[in-house]
Amino acid sequence: MNDVVLTGDRPTGPLHLGHYFGSLANRVRLQDAYPMYVLIADYQVITDRDTPGEIRRHTTELLLDYLAIGIDPARVTIFQHSAIPELNQLLLPFLSLVSVAELRRNPTVKDEIAHSSQRAVSGLMFTYPVHQAADILFCKGTLVPVGRDQLPHVEVTRLVARRFNERYGEVFPLPEAMMGEQPLLKGLDGGKMSKSRGNAIALSATEDETAVLIRKARTDSERLITFDEEHRPGVANLLTLAGLCLGRPPRELADEIGDGGAATLKRLTTEAVNEFLRPIRKRRAEFTAADVQRILTEGNAKARERAVLTLDEVRAAMGF
Ligand code: ATP
Ligand code: MG
């Protein structure tokens, strides 16, 4: 089978190191080998908030983040939900394939509801994993580079594909999730590093911003630095972050710091992160707003062509 890669992000704020080590690094690696679609999931922004907010700015910034880390728009189709009506229309038949009980059980949705600032939980919050099935299946995606929080959603997609094929004949492949080196990077407060939780180091952060964020991270007063995720989560988290950026095991860094304490650990982590982000920051500055607009227009047109074909196939299979 010829693999097709599909993945994406919500335009809710700048991409961060969690994205990089959870998903983005895999995308850069896979873009040479397979056709790849990258979705700017703009309709998903309103799952956990009332309005899309500064959606245009966030969309531009997200695309610049992609370019900065080395996603090549000549090879990769970058597109938006809101530009592809045929993709969104797949949601209707797909919703008929899952039960309300299955939607309610999704552990990632439960976690996101717990962190949502909305007073009431919207219908979209419960149904967006099925929308993600449409995202993956509109291009017959088979490989999905994501972080750990997305595994239940890829399972929903497999369920939708399997049930569609059973009821209407073989149309969809069953996709596989592909997790990165660090499927769940923690933020500076110990929870999942997230764009919307104020605990992230953005790929676009300046050197000074990075230093301030790391200085504020919680550690402990023990001089001897050890890698102990259970008892010293704050220290372990910084060692993990530094280790990922340096490509070295966190334990080795702990041994090297020895009894240098939290101050040495923070200095080392700040240098490691800044060194890692330097070329990314530099590339980011090479692109203009006009580049972003052109890339989106082209990507949307290509994705839409693909979606039209799939929707036709779905309607025919269903006998419409
Ligand atoms: P938001 O808080 O707005 O939901 P987010 O930081 O969770 O933002 P998403 O756009 O929801 O980012 O997720 C995009 C991709 O990045 C998904 O594949 C997700 O699994 C992955 N990802 C997000 N956060 C992390 C993390 N902390 N570690 C590893 N992967 C992550
Ligand atoms: Mg998220």
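Numbering of ligands and ligand atoms starts at 1, following listing order.
Using a 3.5 Å distance cut-off with no hydrogens or angles, the side chains of Q80 and N300 do pair a donor with an acceptor. Checking E112 against Y128 by side-chain atom types alone, a donor-acceptor pair falls below 3.5 Å. Residues R281 and N274 bring a donor and an acceptor atom of their side chains to less than 3.5 Å of each other. For the residue pair T47/R10, the side-chain donor-acceptor check at 3.5 Å is satisfied.
Transitive grouping of hydrophobic side chains (ILVMFWY, heavy atoms separated by less than 4.5 Å) brings L17 and L188 into a common cluster. L87 and L97 fall within a single hydrophobic cluster, where Ile, Leu, Val, Met, Phe, Trp and Tyr side chains are chained together by heavy-atom contacts under 4.5 Å.
If you number the atoms of ligand 1 from 1 as listed, the ones under 4.0 Å from a heavy atom of Q150 come out as 17 (C), 18 (O), 19 (C), 20 (O). Using a 4.0 Å cut-off to heavy atoms of D149, the atoms of ligand 1 that qualify are 19 (C), 20 (O). Taking a cut-off of under 4.0 Å to the non-hydrogen atoms of G22, the atoms of ligand 1 that pass are 29 (C), 30 (N). Atoms of ligand 1 lying under 4.0 Å from at least one heavy atom of P183, given by number and element, are 28 (N), 29 (C), 30 (N). The contact set between ligand 1 and G147, taken as ligand atoms under 4.0 Å from a residue heavy atom, comprises 18 (O), 19 (C), 20 (O), 21 (C), 30 (N). Heavy-atom contacts of S196 reach the following atoms of ligand 1: 1 (P), 2 (O), 3 (O) (cutoff under 4.0 Å).
Within the 6.0 Å centre-distance limit, the rings of F172 and F94 are counted as a close aromatic pair. Under the 6.0 Å cut-off for aromatic ring centres, F138 and F79 qualify, their centroids lying closer than that.
Ligand 1 has at least one atom lying under 4.0 Å from a heavy atom of Q182. Under the 4.0 angstrom criterion for non-hydrogen atoms, G8 is in contact with ligand 1.
Of the protein's non-hydrogen atoms, K195 NZ, 2.5 Å is the one closest to atom 10 (O) of ligand 1. For atom 15 (C) of ligand 1, the closest non-hydrogen atom of the protein is D9 OD1, 3.5 Å. Among protein heavy atoms, the minimum distance from atom 4 (O) of ligand 1 is reached at R10 NH2, 3.1 Å. For atom 30 (N) of ligand 1, the closest non-hydrogen atom of the protein is G18 O, 3.3 Å.
Residue R197 places no N or O, backbone or side chain, under 3.5 Å from any N or O of ligand 1. For ligand 1, one of its N or O atoms has an N or O atom of H16 under 3.5 Å away. Taking only nitrogen or oxygen atoms, main chain and side chain alike, T12 reaches within less than 3.5 Å of ligand 1. Backbone and side-chain nitrogen or oxygen atoms of P145 are examined, and none is located within less than 3.5 angstrom of a nitrogen or oxygen of ligand 1. Residue T7 has no nitrogen or oxygen atom sitting less than 3.5 Å from a nitrogen or oxygen atom of ligand 1, judged on distance alone.
Taking both residues in full, the closest heavy atoms of P11 and T59 are given as CB-OG1, 3.9 Å, listed atom of the first, atom of the second, then distance. Summarising the geometry of L185 relative to Q182, their closest heavy-atom pair is CD1-CG, 3.8 Å, with the distance given to 0.1 Å. Nearest heavy atoms, Q44 versus H81: N-ND1, 3.9 Å. Taking all atoms of both residues into account, the shortest heavy-atom contact from S96 to R167 is O-NH1, 3.6 Å.
With atom 26 (C) of ligand 1 as the reference point, the heavy atom nearest to it among T47, V144, L185 is part of L185. Atom 24 (N) of ligand 1 has its nearest heavy-atom neighbour, among H19, K192, Q44, in K192.
Within the 4.0 Å heavy-atom criterion, both parts of V146, backbone and side chain, lie near ligand 1.
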